[in-house]
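Counting starts at 1 for both ligands and their atoms, in listed order.
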Amino acid sequence: MSRTLPISRLRGRARPSSSLLQLPTELQKLSSSPTSSLRHASPSRSAWTSAIPGLSSATPFASTSTSSSLLAGSSKVALQDPLKLLGAEMGLLRSNVQHLLGSGHPALDTIAKYYFQAEGKHVRPMLILLMSQATNGLAPGWEQRRDQAAAAELKREQGDEGLGGDDIDEPLSPPSVLNDQNPSMLASAKSFFSDPLASLRPAPTPTSIAQSIHQTHLLPSQRRLAEITEMIHVASLLHDDVIDLAETRRSAPSAPSLFGNKLSILAGDFLLARASLALSRLGSNEVVELVASVLANLVEGEVMQMKGNVPGKEGLLAGAGGGSTAKGPTPEIFDHYMKKTYLKTASLIAKSTRATTILGGCGVKQGWAEGEKVKDIAYSYGRNLGIAFQLVDDMLDFTASAAQLGKPGGGADLKLGLATAPALYAWEEFPELGAMIERKFAGEDDVEQARHLISRSSGAERTAALAAEHSKLARQALEGLPDSEARTALDNMARDTLSRKK
Ligand code: FPP
Ligand code: MG
């Protein structure tokens with residue numbers, strides 16, 4: 001028997017026959033009113049510019065081959081490796097996050113920044129920055145938006161304290177209210193709070209940020225969104241490592257193993273608080289709404305994972321039609337796993353890649369109807385890439401060692417009682433896995449036996465195949481955007497997520 005996970009249902013559907021702005025199949029469901037005039041455009045910049053009123057005279061950064069300093073130079077080499085491509089940006093991101101996380105309390109300061117010291121993959125910020133570059137310039141009024149942002153940056157760089165309302169570092173409440181002091185605060189904390197903007201000032205950079213807006217085609221608000229997203233991701237890792245009893249992360253001792261569970265949880269909360277503060281200053285309720293919903297999604301996904309594979313039921317096999325005698329996972333169990341995968345991992349990527357297009361001018365209140373399509377494209381790309389990413393993660397848990405991963409591996413999920421895609425697929429081939437899954441691999445030798453059965457099954461291969469389906473959907477979504485180097489880099493990231501080794 002070969003039961004398939006939900007996405008397989010998409011396989012048989014006919015792909016749209018023509019054209020650039022014809023939305024990929026999955027997006028057609030999301031887009032309520034496709035604009036027929038855009039359906040016949042060819043996949044080129046001119047198609048975009050001519051199809052969209054008011055855009056033809058603009059120069060979308062997304063479409064200019066030499067537009068980005070990040071993408072300039074030996075772009076062929078760079079494009080093969082977006083990690084190298086955005087290396088300088090990632091350095092800036094790390095130093096900005098250090099500033100955003102500054103705390104007067106030494107312990108909190110240390111723990112909150114701990115996971116940022118190791119060189120993470122920074123997948124999420126890279127996706128946001130590349131999606132920004134791939135879509136900036138499409139919405140009308142881009143030049144004005146960019147020039148206003150550059151002017152605000154310039155004022156700040158010149159030390160002008162009377163910053164304009166557009167500045168992402170500008171508090172909205174008076175410092176006396178925003179940073180009112182706790183009387184029992186440590187002296188060091190008081191000095192920190194006496195300069196409330198200090199933690200929000202970007203690190204000095206050799207190139208002025210104001211100048212770089214024109215070179216990189218990234219708005220400060222989009223960079224900040226990338227930083228916020230990474231802070232949320234790291235907050236979730238701090239909590240996750242407590243839940244998963246993880247001893248290592250990023251090839252180093254985990255935060256809980258170094259600082260303890262309580263401080264790790266509090267540090268995660270602190271990251272969320274600072275991320276929320278920065279989020280409030282981006283000036284978009286639509287973005288706030290999306291990111292706030294991600295926080296709920298992360299928790300929902302984690303709780304779904306913790307509670308087992310069937311919603312509302314205690315046992316993993318409840319609802320599977322006969323407890324441990326069940327022959328294999330039901331569609332309900334697969335659906336639950338896929339939903340959990342979206343909530344736990346893909347939601348953050350999907351909603352933040354969508355959010356950056358809002359900052360670039362595609363917001364619902366910005367009066368550009370076609371912005372809805374751009375947002376849906378970004379969302380579909382992020383959603384499918386995120387699902388592919390987590391599926392590969394679940395596969396690597398079986399196929400890679402802890403040393404390769406820099407975190408627990410070699411079937412670590414089984415030890416946590418978790419049945420992920422490789423185990424669910426293997427269950428179809430080895431029904432005896434059902435009983436082990438039901439008792440969350442708590443029996444003596446369960447983990448070893450399950451690992452053995454899964455390695456003999458096609459579970460890992462089928463998980464990889466499912467990840468490939470989602471990677472393909474992510475790449476198809478990009479076909480709705482004009483050709484650009486940033487789009488190629490996004491495409492490569494969706495492709496390369498399948499072959500990553502850690
Ligand atoms: C890593 O999963 C964990 C996540 C992707 C999300 C965890 C979410 C929470 C703990 C909910 C709380 C959320 C916030 C925002 C504080 P994994 O264990 O599969 O991956 P790993 O092997 O890298 O640990
Ligand atoms: Mg974990």
Side-chain angles (χ1 to χ4, degrees), residues 101 111-112 115 118 120-124 228-257 261-276 278-279 290-307 309 337-352 382-383 385-423 463 467 497 500-502:
L101 291 179
I111 306 166
Y115 280 154
K121 294 189 286 270
H122 299 314
V123 171
R124 292 153 191 82
I228 290 167
T229 301
E230 191 68 351
M231 284 159 68
I232 292 172
H233 171 58
V234 170
S236 79
L237 294 183
L238 282 161
H239 287 195
D240 181 70
D241 283 347
V242 172
I243 295 167
D244 289 353
L245 310 170
E247 286 178 5
T248 52
R249 165 79 63 192
R250 297 182 174 171
S251 304
S254 71
S257 68
N261 286 349
K262 292 179 184 176
L263 278 173
S264 299
I265 294 284
L266 290 169
D269 293 344
F270 182 70
L271 257 69
L272 292 182
R274 281 288 161 87
S276 306
L279 183 63
L290 278 175
V291 176
S293 77
V294 169
L295 298 180
N297 290 165
L298 284 166
V299 177
E300 287 158 354
E302 192 67 20
V303 171
M304 277 176 86
Q305 175 169 289
M306 206 182 277
K307 286 308 231 176
N309 288 28
Y337 167 76
M338 291 304 286
K339 189 173 174 207
K340 182 238 12 168
T341 299
Y342 166 72
L343 292 169
K344 192 182 109 169
T345 306
S347 161
L348 178 60
I349 300 175
K351 290 179 179 169
S352 57
R383 180 184 175 99
L385 177 70
I387 292 173
F389 189 86
Q390 185 60 47
L391 286 166
V392 171
D393 222 61
D394 290 347
M395 183 194 71
L396 288 174
D397 186 64
F398 289 98
T399 58
S401 68
Q404 281 168 309
L405 296 173
K407 63 182 184 182
D413 285 340
L414 296 178
K415 290 186 200 144
L416 295 169
L418 305 178
T420 58
T463 304
T497 206
R500 72 190 177 92
K501 300 279 177 269
K502 61 176 193 168

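- Annotation: atom 15 (C) of ligand 1 to nearest protein heavy atom, L298 CD1, 3.6 Å.
- Nearest to atom 16 (C) of ligand 1 among the protein's heavy atoms is H239 ND1, 3.2 Å.
- Residue K344 holds the heavy atom nearest to atom 2 (O) of ligand 1 of all those in E302, M306, K344.
- Of all protein heavy atoms, the one lying nearest to atom 21 (P) of ligand 1 is K407 NZ, 3.5 Å.
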Task: side-chain contact (heavy atoms from CB on, under 4.5 Å) between L290 and V294, intermediate numbers included - done: CA-CA 6 Å; L290 278 175; V294 169; 5.7 Å; no
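- Between the side chain of D397 and the backbone N or O of A412 there is at least one donor-acceptor pair closer than 3.5 Å.
- The Mg ion (ligand 2) has D240 OD2, D244 OD2 as protein N, O or S atoms under 2.8 Å away.
- Among Q390, Q305, K307, the single residue meeting the side-chain contact (heavy atoms from CB on, under 4.5 Å) criterion with K340 is Q305.
- In this structure, the side chain of S254 engages the main chain of A246 through a donor-acceptor pair within 3.5 Å.
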TODO: Kindly determine whether K501 and Q404 satisfy side-chain contact (heavy atoms from CB on, under 4.5 Å), including the steps that lead there.
DONE: CA-CA 7 Å; K501 300 279 177 269; Q404 281 168 309; 5.7 Å; no
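- Contacts between L272 and ligand 1 below 4.0 angstrom, taking non-hydrogen atoms only, involve the side chain exclusively.
- Taking each heavy atom of F389 and T497 in turn, the nearest pair found is CD1-OG1, 3.3 Å.
- In this structure, atom 18 (O) of ligand 1 lies nearest to the protein heavy atom D244 OD2, 2.7 Å.
- Distances between N or O atoms of D240 and those of ligand 1 include at least one value under 3.5 Å.
- Comparing heavy-atom distances from atom 10 (C) of ligand 1 across A246, A235, S236 singles out S236 as nearest.
- Between L405 and K502, the closest heavy-atom pair is CD2-CA, 3.8 Å.
- Using a 4.0 angstrom heavy-atom cutoff, Q305 does not count as in contact with ligand 1.
- For the pair R249 and D240, the salt-bridge criterion is met [side-chain N within less than 4.0 Å of a carboxylate O].
- At least one donor-acceptor pair under 3.5 Å links the side chain of Y115 to the backbone N or O of A255.
- Smallest separation of non-hydrogen atoms from S293 and K351: OG-NZ, 2.9 Å.
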TODO: Under the side-chain contact (heavy atoms from CB on, under 4.5 Å) rule, what do L272 and I232 come out as? Steps first, then yes or no, please.
DONE: CA-CA 6 Å; L272 292 182; I232 292 172; 4.3 Å; yes
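- Per-residue contacts place R249 under 4.0 angstrom from the following atoms of ligand 1 (heavy atoms of the residue considered): 21 (P), 23 (O), 24 (O).
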